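Got a structure for you, written out below as C-alpha cells; questions coming shortly.
To find a chain, count down the sequence lines: A is the first, B the second, and so on, and within it residues start at 1. In this text the structure is predicted, and so the values were computed from the model without any measurement.
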Amino acid sequence: MNRVPEKPSLDGLEDKWAATWESAGVYRFDRTRPRAEVFAIDTPPPTVSGSLHVGHVFSYTHTDTVARFWRMRGLAVFYPIGWDDNGLATERRVQNFTGVRCDPRLPHDPDFKAPFAGDVPKDHRAVAVSRPNFVELCFDVTALDERAFEALFRKLGLSFDWSLLYTTIGAESRRVSQRAFLRNLARGEAYQQDAPTLYDIDERTAVAQAEMEDRETPGAYHKLAFHRTDGSGDIEIDTTRPELLPSCVALVAHPEDERYKPLFGTTVRTPLFEVEVPILAHRLADPAKGTGIAMICTFGDITDVTWWRELDLPSRALIGFDGRFAAECPAWIATEAGRTRYAGIAGLAPKQAQKKVVELLAESGEMIGAPRPISHPVKYYERGSRPLEIVATRQWYIRNGGRNDELRAKLVARGGELTWHPPYMQHRYDNWVGGLAGDWLISRQRWFGVPIPVWYRLDEHGATIYDGPMVPTEDRLPVDPSTDCPTGYAEDQRGKPGGFIGDPDVMDTWATSSLTPQIAGQWEDDPDLFGRVFPMDVRPQAHDIIRTWLFATVVRSHHEHGCAPWKNAALSGWILDPDRKKMSKSKGNVVTPMHLLEQYGADAVRYWSASGRPGTDTAFDEGQMKIGRKLSIKILNASRFALGLGDPAAGASVTEPLDRAMLVRLADLVDEATAAFEGFDYARSLERTEAFFWRFTDDYLELVKHRAYGGHGEVAADSAKLGLRLALETLLGLFAPILPYVTEEVWSWWREGSVHRSAWPDAAKIRAAAGAGQAEGLELAAVVLGEIRRAKTEAKRGLAVEVESVVVVDTAERLAVLDGVQRDVCDAGKVRSLRAEVGEARVDVVLVAD
RNA sequence: AGGCGGAUAGCUCAGCGGUAGAGCGGCGCGUUUACACCGCGUUGGUCGCAGGUUCGAAUCCUGUUCCGCCUACCA
C-alpha cells in the first residue's frame, strides 16, 4: 500500500492533521485504564491576560513531547488543558482592553456596553462600572482571548485532550476551590487574622509574600533630631521614610550597643509632631546601620512589624486602603504645632507627604544636613508600580509552614518526594520554603475571582461578628456570598442588624490554580476519575513559579490528601532574547508565535523548542527553526525514496551486511532515545535521532541506492527495501513526539492509523531483523565513501565521475568487515576496482582521467 | 551576603576521566533517477583563569574571575 505523493510538501499539514486528530479522538484519555497504566500531566493553565508568547510555545512543546512518548509507550495519557482566567492579571487585561474600571458601589446596568474593544485611546479616562457589569466584561474578554489561545495550541500540535478543558473561573473550578478552602477552614489550616499585611495601594489589595519582589529604587537618608524629654539633648536617627514620622511609636537600638544602653527606658519627643515615644532595645537593631538607632513606625517595613509585635507597641497606622494619609489628625498627636503640621500632609500619598515633611523639617531645623541620596532594594508587588505599604487589615490565610517549623519541615520533605528535572531545581524550593516569613495570605480585595465562601453574622447594631463565620454545605458549592444567603437566613436580612453579610473578598488566583490536579481530575465530583489520575505523574512548569504555583500546589495536596501531588516536577527554562535577557511582556521584547508557525511550520518551531534542554534558558533562534524545517523536508524526501522503491517480496529478509549494520546502529539509537525520554530528556532523544538520521540519509541511502533499484537482483534489493522500511518506521516513531505533523503525514502514506497511537520503536525487534550484523560495516563504508568524495571534490570533479581504483589499507579484521559492504561502496562511489591491503590505515583514490 | 546554574570553533550548543564534536556561518566544488526548501568537501578552539589528583583532565578536587538566576538585605 503506497500513497506517496509526487511532490511531498509541508504546506497545510497543520490544519489537515489537527482536524483529523480531533475528529478521530487520537488524544482522548481512556478513563477505563487503571492508575498503573495512566500517565497524568498537571498542565499549567496559561494566564489569560492578553496573548501567548514564544516562551509558552517553548515550554508547552517540551511537555507535549513527553506526553507523546508515553502515549506511544502504551499508557493512557491524561493531558488536560485549562485557562487561568481569574485574578488580577485578567482584570487588568479587561480594564486595558475595554477602558473601564470596577467600582463596586455602582448598581448593575443591564444595558451596559463596553466603550472599547482593544482600541482604547491613550487619553481615555476609565469608565466606572458596577461589579456585575465588570465581571460580565471579564467573561467576554477572556472568552475572546481563550479562542486565540486554543487556535495557537492546536496549530502547534499540542496533544491535549480538549474534552478535559477547564477554566479557573468556571463553576467546576469554583466548586473545587471553595470546597478545598472550606476543608482547610474546618481543619484549622485556613484562618482569619487582623494584622499588618503587604498592601498594594494602586490595586488596593493585600498581596502575598510570594508575589512580592525587590526592586532597586532611589531613596535618601534623612537625619532627624529626636529630643530627649529630660532636656539633655537630641538623638539623631537616619530614615529613608521621614513621612512616616507621625506614625512613630518608639526608637530602637541593639541591647549591647554601648552608645544607647544608658538611654533604654527613657523617652524622646518626635520632631514636628511632638509625640513622646520610648527608646527600646531589640536584637534586630543593627548598630552598623545609619546612626545605629532607628525609629519604629507602624508600619514602614517588615522589621517594624516584628518590633511592633515583639515589643508590644501601639499601632499608629495612618496610611489607609487608598494609599493616602488619614484625613483626620490622629489623637496621639496632641500639641497644636503637631496638629497643624499634620494638616499639611493629611490626605497626601506617601511621596507627596515625604516632600512636605522634609519641608517642614527644614523649617523647624530638625533635619540635620541635606538628604543623602541612596539606591536601595524596596519591596513591590510583582505587578505593581509603587512600593508596597503595610496596612493592618483582616485577611484570610492558609498555613504553609511560614509560622510553624514542624509544618515547614513536612513541606520541605514533600518537595523531596518529587523527582526534579533537572535535579538542582529542588534547591529553589528548599530555599523558598526555608525562608518563608508568614502564612499564605489568600484573600484579595478584588472582583473577578473565586469568592471566599463564608458569611458573618451582624450584631444588633449591624456590626460584623467575625468569630464563627457561617459556611455553606458542600452540596451548595459554588456559592457567591454576595448574592447567595447562608442557610437559615433570608436575602432581606443581608446587611441588617441581626442579619448577615457575605465576605466581600475573593481568593487569590494561586489559591485556585494550586488545585489544578483536583480541578482537572474532578476531585469529589468524579471520584473514579480522580482515583485514576491522582497523584499525577508530572507537573511541568517554568522555574520562576516554583515558589508560587509549585509550592502552593504542594501545600494544598499536603493538607487535603497527605501526599505530594505528583511524582515528578519538570522545569522549563526561559526564552532569552538575542541580548540574553528574559523575554517578557513588560520588557517589550516578546515575539508572538503565530507568525513563526506560519512561516516555518509547527514542526520547525517545535524542533527549536525541543532543542532547549530541560531547565535551561534558551536563546530565541530562528536559525534553529530553519534547521527544523530542513529536517522535516528531508524526512519527506527520504521517505519518498524509501517507499517509492516499491514493496519487497513476501517472505523477504534483511540479508545484506550493510543493511544489517545499519539496523544494529538503529537499535542502539532506540535504546538511547528511550532512556532519554524516560528521564524527560526530549532534547537528548532528538539530538541522537537527528544525528543518526543525517548519517542515514547522507551515507546509508547513497550506499544502498543502486542495489535498492535492483542493480544486484531481487534478493539484495529486497534486503535494502526491508531495511529501509524498518528504519523509516523506527525513525518516524522516534521523531513523532517532536515533529508530529511530518511524521504523521509520512505514516499516512503507507500505514493505517496514527503514528501517535503506534507503538514506540522496539530495539529487540530491530536487533532480530539485523541478525548477526556487524555494526562497523556502516561506518567503514561511510569512511571509504567519504574519501572517494573528497578525492573528487579536491580534483574539482563532479561526484558522478568514475573512480579508476581505490586501495583501502587497514587491519585484517576491519578489512573482513569491509568485504561485506564493498560492493555497495563501489556502487555509491562509481568505483571500477577496489583493493584491500593490511597495513597502517589509509585510503588511496585514483580517479579516471579527464 | 548565602545558594544554584553557566563559561568549549565567529554564533547556538553537545560532550563530563582516555587522540577536541555537531549544526549554523565562512570558503570551495557539484545539478548524481528522494531532496536546489539541494548535495559534497573544507575552514574554525592553549575547552574562563590558577593550582592540585591521575599514566592521562574540557571532564574529578581546590581556589579565582566574569554572566545569569534564587534567597536575604528597606532604619
Rounded to whole Å, please give me the gap between CG in D617(A) and C1' in G5(B). 9 Å
Nearest to the side chain of K289(A), which nucleotide is it out of G39(B), C70(B), C74(B)? C74(B)
To the nearest Å, how far apart are K705(A) NZ and C35(B) C1'? 9 Å
For the side chain of I627(A), counting heavy atoms from C-beta on, which of C70(B), C24(B), G15(B) is nearest? C24(B)
Counting side-chain heavy atoms from C-beta on, which of C37(B), C74(B), C40(B) comes nearest to I633(A)? C37(B)
Separation of the P atoms in A57(B) and G51(B), to the nearest angstrom: 14 Å
Should the ring pair F696(A) and F692(A) be called parallel, tilted or perpendicular, given that the plane angle runs from 0 to 90° and is split at 30 and 60? parallel
Which nucleotide wins on minimum distance to the side chain of R790(A), given the candidates C74(B), G5(B), G41(B)? G41(B)
Hey, are Y380(A) and D200(A) close enough side-chain-wise for a donor-acceptor pair under 3.5 Å? no
Select one nucleotide: of U12(B), G15(B), A36(B), the one nearest the side-chain heavy atoms of K7(A). A36(B)
Considering only C35(B), C4(B), C74(B), which nucleotide approaches the side chain of R640(A) most closely? C35(B)
Nucleotide nearest K796(A) when distance is taken to its side chain, options U71(B), C29(B), G39(B): C29(B)
Does D214(A) contact C73(B) through a side-chain donor or acceptor facing the base, at a distance under 3.5 Å? yes
Contact class for G798(A) vs. all strands (heavy atom < 4.0 Å): base, sugar-phosphate, or nothing? sugar-phosphate
With no hydrogens and no angle check, do the side chains of Y607(A) and S632(A) hold a donor and an acceptor under 3.5 Å apart? no
Closest to the side chain of K630(A), out of C4(B), C38(B), C35(B), is C38(B)
Does a distance-only test, which skips hydrogens and angles, find a donor-acceptor pair under 3.5 Å between the side chain of K634(A) and the base of C35(B)? yes
